[in-house]
Structure formats: structure tokens, C-alpha cells
Amino acid sequence: MQNSLFPENSFPAQDRQGSKNKPTVSKQDLNRSQQEAVAHLDGPLLVVAGAGSGKTRTLVYRVAHLLGQGILPENLLLLTFTRRASQEMLLRASHLLDESCQDVAGGTFHAMANMLLRRYGYHIGYAPNFTIIDRSDAEGIINILKSSLSLAGAGKRFPTKRVIINMISKAVNRSTDLETLLYDEYEHLEEFLNSILLLQDHYEKFKFAHGLMDYDDLLVNLKQVLKENDQVRQEVSQRFQYIMVDEYQDTNAIQAAIVRLMASTHNNVMAVGDDSQSIYSFRGADFRNIMDFPSIFPNTRIIKLEENYRSTQPILSMTNAIIEKADEKYTKTLFTKVEGGNKPELYNAADAGEEARYIAGRITELQKDGLPLNEMAVLFRSGFHSYKLEIELASKGIPFEKRGGLKLTESAHIKDFLSYFRILVNDQDNLSWNRVLLLLDKVGPKTAQKILAALKASEEPFEALKEYPAAPVWRKGVLELAAVMQKLKDPVLTPVEQFEIISEYYQPIFQRIYYDDYPKRSRDLEQLRTIIAGYDSLAKLVDDTALEPPETIVVEDSTDRLILSTVHSAKGLEWDTVFIISLAEGKFPVSQALPGAQWEEERRLLYVAATRAKKRLYLTYPREIMSVDRQFSRAPLSPFLAEISHSLYTSSGRAHNQAVGYGGGSSGYSFSMGNRGRRSMGAASLNQNKKQLKDASSLDQGQAVTHPFFGRGIIDKVTGDRTVEVVFDRHGRKTLHLDYAKLEKIK
DNA sequence: TGAGACGCTGTTTTT
DNA sequence: CAGCGTCTCA
């Protein structure tokens with residue numbers, strides 16, 4: 001955390017000699033296409049690189065190559081998807097060349113935007129000490145605004161803060177306006193359009209007034225500064241003479257515009273990506289963007305990397321089969337020279353518990369055979385899919401680290417704590433002030449608002465707090481808070497010392513508010529302390545908690561530990577052995593994925609997951625899953641697996657059960673069907689089926705249907721757009737939601 | 001105006 | 001099985 005790749009003195013005087021006499025980087029480890037990409041010097045370059053095709057290696061070598069040509073490290077910029085990715089690449093580059101590689105600026109778009117906006121943000125009215133807010137902070141602002149605009153009680157079904165923030169963010173990331181978005185995707189909220197627009201307007205003003213930026217603002221504001229200010233654009237563009245963008249398929253239009261502006265004086269941009277691995281459309285990325293690159297940058301050279309060096313042939317055959325079913329044909333077919341290896345193994349577990357036991361058992365076996373835990377990973381679609389497994393691993397004493405899912409900084413008590421820090425960095429941060437005030441006993445939203453108004457009116461918020469005419473019941477609380485803040489402002493204090501002071505003050509509050517589970521939560525505070533110990537700058541700490549939130553490490557007493565990760569967080573990584581769990585329809589793909597684009601993205605997601613494996617790939621699926629209403633239901637195998645040839649993998653556990661199959665009467669997904677037959681009914685017919693299942697208008701009274709758990713039944717009544725009443729032969733009358741129930745028509 | 005009880009809903013993925 | 005929003009009482 002400490003050594004930022006965007007250091008504070010990020011614009012060093014450029015008086016150093018370039019390293020003209022550095023050793024030339026050996027290119028014997030590269031194939032012809034890779035060499036070509038590495039040796040490319042000026043002008044736009046697009047590298048379309050399949051999974052495991054040595055994309056990272058190519059970038060690493062190119063960094064080293066450029067520096068070897070005498071280009072200064074500070075004139076390079078490496079934009080990656082995570083900070084970890086860029087750190088690792090620059091470390092590898094320094095093994096090739098020397099440690100000057102470590103001076104290359106690298107990190108995420110957001111981290112870069114943060115760095116540049118601290119310096120240039122004043123052009124659009126932001127002070128350099130602005131605070132970055134995360135999603136729940138943003139939702140908090142919506143909450144405050146909702147009540148201050150008295151929109152709260154107004155409607156019975158006013159959209160939640162989450163939905164509102166989703167909409168606002170989506171509009172930004174898709175470069176469209178909120179109204180268009182609403183009519184596109186949220187038509188049912190039409191009656192709230194004006195209220196939502198009002199909220200959006202106040203949300204923007206609130207952030208600006210209090211020196212706050214959300215994730216989208218970082219990008220939007222950077223783009224604006226670069227666009228409107230010629231001098232800034234020149235300066236930045238001159239600073240970053242060579243720009244490299246990794247995972248380009250997951251950038252959105254704003255990010256593309258930023259790259260174009262930053263490269264305005266030289267056009268030296270190298271973009272690397274893979275359209276078949278695009279998995280961030282929910283963030284406004286479109287895999288077609290990568291194809292637009294040549295039109296944004298005329299005379300782009302295009303290089304494809306198609307040889308896979310990562311996986312064995314059986315694994316590659318399966319992953320190729322998965323992606324081949326995609327609606328849209330992608331640009332590459334991967335091949336490998338890695339020989340041998342076993343077919344991927346599909347395990348049919350009875351339920352999530354058995355699935356977890358199977359995996360823990362397998363891992364133990366592999367470990368006994370000498371495979372270190374950190375050569376294995378368990379991947380899943382959603383964070384909570386691993387809960388059962390986490391318990392199982394803990395009981396077996398297998399150390400693991402979980403990535404993705406809930407972040408440490410997202411829990412309420414950590415946010416409480418960080419609010420004190422945020423105020424110290426930016427005393428205009430009303431969101432944090434609000435949070436801190438609400439922690440006081442007998443102070444609620446109304447009182448907090450009044451105090452906030454007084455703080456805002458004053459030049460010295462801390463003084464104003466002390467002198468606020470408090471009511472007797474909570475006067476003591478306010479004075480204590482004022483005293484603590486005063487104490488914290490002492491410039492000689494280190495972040496850890498400040499942590500201790502807040503800790504002492506916060507402890508009683510903490511125990512009062514989280515009385516039911518504060519012992520559990522206090523472990524998180526300990527972990528926060530450890531993290532803070534690595535910092536000497538509060539501002540940096542506060543930035544990082546938003547930009548690179550620390551993962552919740554569940555078991556940390558070992559350096560050799562198993563990785564549990566969401567597929568999204570596993571992007572770009574690889575392991576000897578990979579387990580993909582919860583491969584049941586409704587879990588992977590997630591139940592809310594709609595036919596069409598979303599469904600296709602789920603498929604690419606599975607493709608990304610499976611291509612992480614080098615030697616061994618295990619797929620598991622629970623046949624029975626528990627739904628929220630604690631009912632068990634049969635879950636079909638993920639259609640992405642059901643639709644590919646059974647000969648590509650081996651099965652164990654209970655045998656396949658055709659009764660729970662997807663295609664029902666057509667049984668189009670039986671494994672025996674020849675390749676040609678299946679091709680014609682690929683994704684398209686699957687999607688149709690899915691659509692049909694969700695639309696009650698296609699069902700009539702008297703229609704016979706089957707349900708995977710309840711069996712055969714007759715439609716008795718269509719009670720709504722998506723609800724029907726069915727009388728089942730064996731289970732009687734049920735009301736079913738077509739969003740959840742998997743009904744199929746039968747003759 | 002704040003605190004606490006109660007019922008509802010809904011549950012990706014990330015910077 | 002939450003976390004959230006709404007409702008009621010002090």
C-alpha cells in the first residue's frame with residue numbers, strides 16, 4: 001500500500017540522462033508477434049491477445065525495451081486494471097532491465113485521475129484535498145438529500161438509494177443522460193423522473209460543495225480538465241510520452257476519451273485487450289470499444305496473439321467450446337503446444353455443503369501430493385457463493401484469502417472510524433461530519449443537519465462545533481467530539497497515533513451501537529490498525545481506502561494460502577489448479593441476467609474463469625440449492641456447460657439427471673447430440689426459452705407445465721405479468737413467480 | 001426528535 | 001438472514 005505507483009512528487013524535474021547504455025532486452029523468450037509488439041516504438045498499436053497468450057509478458061518486455069531505448073521511466077504510463085497488476089508488471093520488468101522500471105507511473109485509471117486532479121482539479125473548482133467517496137457514501141448522500149428535499153415519505157414505492165445511484169452512475173458510464181436511461185431501462189420509474197432528476201442535480205451540487213468526488217467524477221472531471229484546458233493537456237501529454245493500456249476491452253467511452261486527450265501530442269498509445277474477455281459492461285464497458293480503437297487512432301497497427309502458453313490442450317478445448325457458443329463471433333482461436341493433461345472434471349454434488357466438502361477434500365489431496373495452496377484457486381460468480389466453503393475450509397484448518405465480495409472498508413464500523421480521518425483531511429466533508437455526529441447519543445438526522453449548517457457557516461468548523469448551543473442531553477457528546485478532533489489535529493501525530501486516539505474515543509460508542517456483535521467487529525478494527533501502521537500520510541490512507549480497498553483476509557496466519565475469488569477479481573491471474581463452483585443455473589449465470597447481451601457476458605465470465613487454469617480444472621455444481629424462502633429446489637447444470645459436448649470433460653458424483661435439463665421437451669441439450677445438431681440451436685434458442693419462461697402472457701389457463709421440483713401441474717390462473725397459480729399433481733396449488741420458478745410447457 | 005420494534009424485500013460483478 | 005424502510009412510542 002505504501003509505495004504508490006503515482007508518487008507525490010509525480011512530476012520530477014526532467015534533468016536526468018536517459019539510459020542510453022542499458023543492456024538491450026533479450027527477445028528470445030518471445031514469439032514473432034510478441035517481438036513485433038515489443039519492438040514497436042511510435043504511433044498507435046493495438047494488441048488483441050487471447051487468454052494466456054503472453055499479454056503481460058509482452059507489456060513487461062515492452063516497458064523494458066522502451067527504457068532500454070533511452071526513454072525516461074517518468075515518460076511512461078502503464079494503465080492497468082488493478083494496482084497489483086501494474087506493480088507486478090513493473091517488478092518483472094525490473095528483473096529484465098534494472099530498477100528504473102519501478103519509476104514508471106502505473107495503476108488504474110482512477111488512481112491516475114486522482115493524482116492528476118489533485119494537481120489540476122483547481123481548474124474546475126476543486127481544492128486539492130477533495131475526498132473520494134465510495135458507493136455507500138454516495139448512497140448516504142442520496143439519503144440525506146431525499147429527506148432534505150422531503151421526497152422520502154412522498155411516494156409509497158420511491159426507488160431506493162441504491163437504484164438511484166445505479167442510475168446516476170450508469171448514465172455517466174454510458175455517456176448518456178439520465179432521462180434517456182430511464183426510458184431505456186427503468187420505464188416503470190417514469191412517474192419519479194422529475195424527483196430523480198432533482199436528486200441527481202442536488203447530488204452533483206452536494207459533492208461539489210463539500211469537496212467530494214465519486215468514482216465516476218474522477219474520470220469525468222479529468223476528461224473535462226484535459227479537454228478544456230489546453231495547457232494542462234499539453235503538459236500531461238508531454239509528460240506521458242508512451243501510454244500503455246491493459247485490458248482495453250473493459251474501458252468505457254470516458255476512459256477512451258481520456259487516453260485520446262492524453263496522447264494528443266504524440267499518439268503513442270499501445271492498447272492490449274481481448275474482446276472475448278470483456279466482463280465489465282455494467283460499468284459501461286463495451287467489448288466493441290476495442291474494435292473502435294483503430295478509428296480513434298488512425299493508422300493503428302494491429303497485432304494478434306493467438307498461441308496460448310498457459311493451459312493444457314484438454315482445458316483449452318473446453319474453453320474454446322464455451323466461447324464458441326457465443327452469439328457474437330470473436331476474433332481469435334487459441335491453440336497451445338502444452339502437451340498432456342487431463343480433461344476438466346465436473347463434480348455433481350448434492351448441495352452446497354457436499355460441494356464444499358468435496359473441494360476441501362480435493363485440495364487436501366493435492367496438497368499432500370506436493371502442490372502448494374497458492375497454486376490453487378476457487379472461483380465463483382458472486383461473493384456469497386463461497387460461504388459454505390469458507391466454513392468448511394476453516395474447520396479443516398486450510399488457510400485461505402478471499403478476494404472480491406465485501407470489502408473491509410464497506411462495513412459500517414470501519415466507515416465510522418474512517419470518517420474521523422476524512423474530516424481531518426477535508427474539513428468540508430459534510431458526509432463524514434454527518435456520520436460522526438449521528439454516532440452521538442441522542443443526536444439524530446435532524447440535529448445533525450442543524451449542527452452541519454452551523455459548521456458550514458463558520459470558517460473554523462472545529463471551533464464552531466465546540467461553541468454550538470447544544471441541548472443538555474447531548475452537550476457532553478458534542479464537547480467530547482470537539483475535544484478529540486482538536487487533539488487529532490496536532491501535526492506531530494502519526495496516523496497510528498491518531499488511530500489510537502480515535503480508538504479510545506470510539507470504543508464506548510462502538511459497543512453501544514453494535515452491541516450484538518461488536519466482538520466480531522473489533523477484529524476488523526485490529527486489522528485496520530495494521531493497515532494504518534503502514535502509512536505515514538493520512539491523506540494517502542484515505543485515498544487508498546477508496547481506490548484500493550483492502551480485502552477482508554479471513555485467515556492470515558500463513559503465507560501459503562488458498563485463494564478464493566470472484567471471477568471478476570481473478571481477471572488476468574492464473575493458477576496451476578482452478579476450481580469453479582456453483583455452476584448451477586441461477587448462480588452462474590446469475591438469475592437476473594437477461595437474454596441477450598447480459599447472458600453473453602455471463603458466458604464470457606465463465607470463459608475468463610476457466611482460462612485461469614494451467615493444468616487442472618475442476619467444475620462443481622450443487623444439484624439442490626436453497627432459495628431465500630428456505631425451500632430447496634433442483635437446479636439445472638449451468639447451461640454454458642450443458643450446451644457443450646460432454647466428451648470435453650469427465651463427470652463424477654451423482655450421474656447427470658436429464659429431468660432437470662434445460663431444454664425440456666426439445667431436450668436440445670442432451671449430451672449425445674452431434675455437433676451439427678447443437679450448433680443450430682445454440683445460444684439463440686436457449687435465449688428464447690429463457691424469455692418464454694419469464695412471460696406469463698404466453699401461458700393460458702389449462703396449460704400443462706412442469707416444474708423442476710413440483711413436477712407436473714396445470715395452470716389455474718394467470719395472476720399477473722409474471723405470476724401464475726398452478727395446481728400440481730403431487731403438491732397442490734402454488735403461486736409462482738416466473739422470475740424464479742422454472743416452468744416449462746408440456747403438451 | 002430519537003430510539004427501537006417490526007415487517008418487507010431482494011441478493012452480481014468493481015473503481 | 002440481512003439490511004432497510006416504515007411505524008410507533010417516549
Side-chain angles (χ1 to χ4, degrees), chain A residues 79-83 107-114 132-140 143 146-147 152-153 155-163 166 169 172-173 213-219 247 250-252 254-255 278-285 379-385 387 403-407 409-412 437-438 440-450 471 473-474 512-513 515-517 543-549 551 565-571 582 586-594 598 601-602 604-606 608-609 626-630 737 739-740:
Chain A
L79 291 169
T80 55
F81 222 68
T82 60
R83 170 151 56 189
T108 61
F109 271 91
H110 292 86
M112 171 191 68
N114 178 38
I132 302 168
I133 60 169
D134 69 15
R135 178 162 211 102
S136 66
D137 296 327
E139 288 175 6
N143 243 7
K146 233 160 102 177
S147 53
K156 0 64 242 196
R157 283 155 48 183
F158 198 80
T160 60
K161 54 187 183 176
R162 173 192 272 137
V163 170
N166 270 343
S169 176
V172 173
N173 281 293
M213 284 198 209
D214 63 22
Y215 294 127
D216 300 333
D217 292 330
L218 288 170
L219 301 180
E247 311 281 10
D250 285 324
T251 56
N252 61 28
I254 307 171
Q255 290 166 317
S278 161
I279 53 174
Y280 277 88
S281 68
F282 65 90
R283 222 162 84 176
L379 308 182
F380 31 84
R381 176 63 180 85
S382 317
F384 68 91
H385 291 166
Y387 287 169
R403 294 181 185 165
L406 272 177
K407 300 283 190 299
T409 44
E410 279 165 5
S411 45
L437 291 171
L438 285 175
L440 302 174
D441 201 12
K442 309 290 170 206
V443 174
K446 279 277 148 65
T447 312
Q449 284 303 309
K450 280 187 209 152
V473 267
W474 44 269
R512 173 171 57 86
I513 296 182
Y515 57 92
D516 42 356
D517 62 348
D543 280 0
D544 280 357
T545 52
L547 287 175
E548 300 274 337
E551 312 276 354
S565 174
T566 59
V567 180
H568 284 92
S569 298
K571 181 180 158 117
S582 286
K587 297 196 142 199
F588 204 150
V590 288
S591 52
Q592 53 271 65
L594 296 170
Q598 291 184 12
E601 180 147 310
E602 296 289 312
R604 290 193 296 270
L605 210 40
L606 178 61
V608 168
M626 195 171 17
S627 41
V628 224
D629 48 348
R630 55 165 213 221
H737 273 257
D739 287 347
Y740 304 106

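So you know, we letter chains A, B, ... as the sequences are listed, proteins then strands, and number each from 1.
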Student: Compare all side-chain heavy atoms of A/Tyr280 with those of A/Asn252 and state whether any distance is below 4.5 angstrom.
Tutor: no
Student: Check the surroundings of atom CZ in A/Arg512: do more than 12 heavy atoms from other residues, nucleotides or ligands lie under 6.0 Å from it?
Tutor: yes
Student: Looking only at atom types and distance, does a side-chain atom of A/Tyr215 sit under 3.5 Å from a main-chain N or O of A/Ala546, one as donor and one as acceptor?
Tutor: yes
Student: Donor-acceptor pair, distance only, cut-off 3.5 Å: does the side chain of A/Thr566 make one with the backbone of A/Ser569?
Tutor: yes
Student: Got a donor-acceptor contact below 3.5 angstrom from the A/Gln255 side chain to the A/Phe109 backbone?
Tutor: no
Student: When rounded to the nearest Å, what value does the distance between C1' atoms of B/dT13 and C/dC4 take?
Tutor: 22 Å
Student: Within the sub-3.5 Å range, which N or O atoms of nucleotides 13-15 of chain B have a protein N or O partner, and how far apart are they?
Tutor:
from: B/dT13; atom 1: OP1; to: A/Gly383; atom 2: N; distance (Å): 2.5
from: B/dT13; atom 1: O4'; to: A/Arg381; atom 2: NH1; distance (Å): 3.3
from: B/dT13; atom 1: O2; to: A/Arg381; atom 2: NH2; distance (Å): 3.1
from: B/dT14; atom 1: OP1; to: A/Thr566; atom 2: OG1; distance (Å): 3.1
from: B/dT14; atom 1: OP1; to: A/Ser569; atom 2: OG; distance (Å): 3.0
from: B/dT14; atom 1: O2; to: A/Arg283; atom 2: NH1; distance (Å): 3.4
from: B/dT15; atom 1: O4'; to: A/Arg283; atom 2: NH1; distance (Å): 3.4
from: B/dT15; atom 1: O2; to: A/His110; atom 2: NE2; distance (Å): 3.3

Student: Can you list everything that forms a side chain to side chain donor-acceptor pair (under 3.5 Å) with A/Glu139? Sequence neighbours excluded, please.
Tutor: none
Student: Shorter than 3.5 Å, N or O on both sides, protein versus nucleotides 2-6 of chain B: list them out with atom names.
Tutor:
from: B/dG2; atom 1: OP1; to: A/Gly444; atom 2: N; distance (Å): 2.7
from: B/dG2; atom 1: OP1; to: A/Gly444; atom 2: O; distance (Å): 3.3
from: B/dG2; atom 1: OP1; to: A/Thr447; atom 2: N; distance (Å): 3.1
from: B/dG2; atom 1: OP1; to: A/Thr447; atom 2: OG1; distance (Å): 2.1
from: B/dG2; atom 1: OP2; to: A/Lys446; atom 2: N; distance (Å): 3.2
from: B/dG2; atom 1: O5'; to: A/Gly444; atom 2: N; distance (Å): 3.3
from: B/dA3; atom 1: OP1; to: A/Asp441; atom 2: OD1; distance (Å): 3.0
from: B/dA3; atom 1: OP1; to: A/Lys442; atom 2: N; distance (Å): 2.7

Student: Evaluate the ring planes of A/Phe282 and A/His568, with Trp represented by its six-membered ring, and classify them as parallel (under 30°), tilted (30 to 60°) or perpendicular (over 60°).
Tutor: perpendicular
Student: Hey, does the side chain of A/Asp250 reach the backbone of A/Ile279 with a donor-acceptor pair shorter than 3.5 angstrom?
Tutor: yes
